[in-house]
**Q** 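Okay, here's the structure, questions in a sec.
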There are 2 protein chains.
Amino acid sequence: MERADAARNRAKVLAAANRLFAAGDPRSVTMDAVAREAGVGRGTLYRRYPDIPSIATALLDEHERSLQEKLLGGEPPLGPGAPPARRLAAFYAAMTDLLEQHIHLTLGAESGSARFATGAYGFWRAHVRMLVKEAGVPGPDALSDILLAPLEPELFAYQRGRGRGVEEIKSALETLAERTLAAG
Amino acid sequence: MERADAARNRAKVLAAANRLFAAGDPRSVTMDAVAREAGVGRGTLYRRYPDIPSIATALLDEHERSLQEKLLGGEPPLGPGAPPARRLAAFYAAMTDLLEQHIHLTLGAESGSARFATGAYGFWRAHVRMLVKEAGVPGPDALSDILLAPLEPELFAYQRGRGRGVEEIKSALETLAERTLAAG
DNA sequence: AGCTAAACGGACACAATGTCCACTTAACGA
DNA sequence: TCGTTAAGTGGACATTGTGTCCGTTTAGCT
């Protein structure tokens, strides 16, 4: 179990990191800056988090877990019960909201291939793969990764930065979902 | 115009960078290492290329240009003449081959959002956008970026690393293309 | 109160970045 | 062929970030 001072410092670190991610460019937040902002030593920081993405991922996990529960046992169309195409569209919409709300965290967590290594990605893939199979579309293994690609945080940030609205993105993703998994 | 020694050094730099990208992890090639491998000073290197992605992009451009010409004026289904869904599938297949062949360069060029800033990305987007419009699918602006997302080099490398074959990926992309742009 | 193991924090060695500037050399005209 | 000159060169430098190491502190338990 965790000692009291350790717990206190973990909280300080997470709060400080959250502040820094939100303040400027999330991709240029450094371990050094987090330690300074949190008022702890470098050694203390490295004891728990090996790098910046792991901190961002820790902050993100909390928000993602809520969506994961809705996918598993929530109301349709997010949860079980609706047709696959509808469920994929609902998943896209929920993920888009999540990106919009926490874009600075997702950009902080982004480190190229690190994205695929997280537990969360594995969850999303398993979910989409299940929907693809249920829709009877061939090649669910490759297709599930492909259908997740448009949710890449960098792409979302790029699209938003070009003045594209959240609704426009959601709507395009809905088109993609309906056409790809349409009953046929 | 370019002086003789400058041209010589540019060639040395590009050759050295190509060697380094191919040798190890393309994402951990440094400007320092390129300068050393090329046998030129740091100042010389920085005079022409401000960072690693710009070097990788320069190496890549040559290969991409050939595909761009085929898209504009080559034989169908890559070039004009075939239905949009078929053309998108052909484009996906060609890009997959390009990724497979030059994955180390594309990974070297990858630097988060830098990918979207290149001229090549603009070309691909314009092409896909045109196909989406031609197919009469709504929301071509957002959809063209979304349909390009599965070609992200990191994702391709990840899929290949998990033992997925090139043909399997191509086939899934073909499914995506046919279903998304199918004549309604 | 005293013990112990966990936690702390800052110093250190290392690696990479980007800039600066004194020196070199290719190109060109006399 | 030889000066001139501006482009090109290369390495030293200051700066920033990384990850580790270890002497010191402190929470939790008896």
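In what follows, chains are A, B, ... by sequence order, proteins preceding strands, each numbered from 1.
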**Q** By a strict heavy-atom criterion of less than 4.0 Å, which residues belonging to residues 41-54 of chain B are in contact with DNA chain D?
**A**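 Of all residues in residues 41-54 of chain B, the ones placing a heavy atom under 4.0 Å from DNA chain D are B:Gly41, B:Arg42, B:Gly43, B:Thr44, B:Arg47, B:Arg48.
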**Q** Are B:Asn9 and B:Arg48 side-chain neighbours, meaning at least one heavy-atom pair lies under 4.5 Å?
**A**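 Yes; the side chains approach each other to less than 4.5 Å.
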**Q** Between A:Glu174 and A:Arg179, does any NZ, NE, NH1 or NH2 come within less than 4.0 Å of an OD or OE carboxylate oxygen?
**A** no
**Q** Can you pull the side chain to side chain donor-acceptor pair (under 3.5 Å) pairs that have at least one residue in residues 112-122 of chain B, sequence neighbours excluded?
**A** B:Tyr121-B:Asp145
**Q** Describe, as an angle rounded to 10 degrees, how the axis at the first end of the helix from C:dA1-D:dT30 to C:dA30-D:dT1 is tilted relative to the axis at the last end, five pairs per end.
**A** 10°
**Q** With sequence neighbours excluded, what pairs up with A:Arg65 under the salt bridge (charged side-chain N to carboxylate O under 4.0 Å, His left out) test?
**A**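 Checked A:Arg65 against salt bridge (charged side-chain N to carboxylate O under 4.0 Å, His left out); zero matches.
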**Q** Should B:Leu151 and B:Trp124 count as side-chain neighbours, where that means a heavy-atom distance under 4.5 Å?
**A**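 The answer is no, as the side chains (C-beta and beyond) never meet within the 4.5 Å cut-off.
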**Q** Filter on ring-ring contact (aromatic ring centres under 6.0 Å, His included), then keep only pairs touching residues 40-72 of chain B, sequence neighbours left out; what's left?
**A**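 The answer is B:His63-B:His102.
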**Q** Would you call A:Ile55 and A:Val29 a side-chain contact if the rule is heavy atoms closer than 4.5 Å?
**A** no
**Q** Between the protein and nucleotides 26-29 of chain C, list every N/O to N/O distance that falls short of 3.5 Å.
**A**
| from | atom 1 | to | atom 2 | distance (Å) |
| --- | --- | --- | --- | --- |
| C:dA26 | O4' | B:Arg3 | NE | 3.4 |
| C:dA27 | OP1 | B:Ala4 | N | 2.9 |

**Q** Quick check on C:dA7: is either OP1 or OP2 less than 4.0 Å from any side-chain nitrogen or oxygen of A:Asn9?
**A**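 Looking at the OP1 and OP2 atoms of C:dA7, neither is under 4.0 Å from any side-chain N or O of A:Asn9.
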**Q** Going by the ring-ring contact (aromatic ring centres under 6.0 Å, His included) test, which pairs reach into residues 151-183 of chain A, not counting sequence neighbours?
**A** A:Tyr158-B:Phe116
**Q** If you define the side chain from C-beta out and look only at heavy atoms, does anything of A:Pro138 sit under 4.5 Å from B:Thr175?
**A** yes
**Q** Can you run down the side chain to side chain donor-acceptor pair (under 3.5 Å) pairs that involve residues 73-94 of chain A, sequence neighbours left out, and say none if there aren't any?
**A** none
**Q** Any heavy-atom pair between the side chains of A:Arg10 and A:Glu2 that's under 4.5 Å?
**A** yes
**Q** Which ILVMFWY residues are connected to A:Met1, directly or by a chain of links, through side-chain heavy atoms under 4.5 Å apart?
**A** none
**Q** Under a 4.0 Å threshold between the charged nitrogen and the carboxylate oxygen, would B:Lys170 count as salt-bridged to B:Asp97?
**A** yes
**Q** Evaluate the side-chain proximity of B:Leu176 to B:Pro150: yes if any heavy-atom separation is below 4.5 Å, no if none is.
**A** yes
**Q** For DNA chain D, which residues of residues 25-35 of chain A approach it to below 4.0 angstrom with any heavy atom?
**A**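 Close to the strand are A:Thr30, A:Met31, A:Asp32.
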**Q** 5' to 3' on DNA chain D, which nucleotides open and close the contacts with chain A (atom under 4.0 Å from a heavy atom)?
**A** D:dG17 to D:dG28
**Q** Which hydrophobic side chains are connected to B:Val166, either touching it within the sub-4.5 Å cutoff or through other members that do?
**A**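 Its cluster partners, ordered by chain and number, are none at all.
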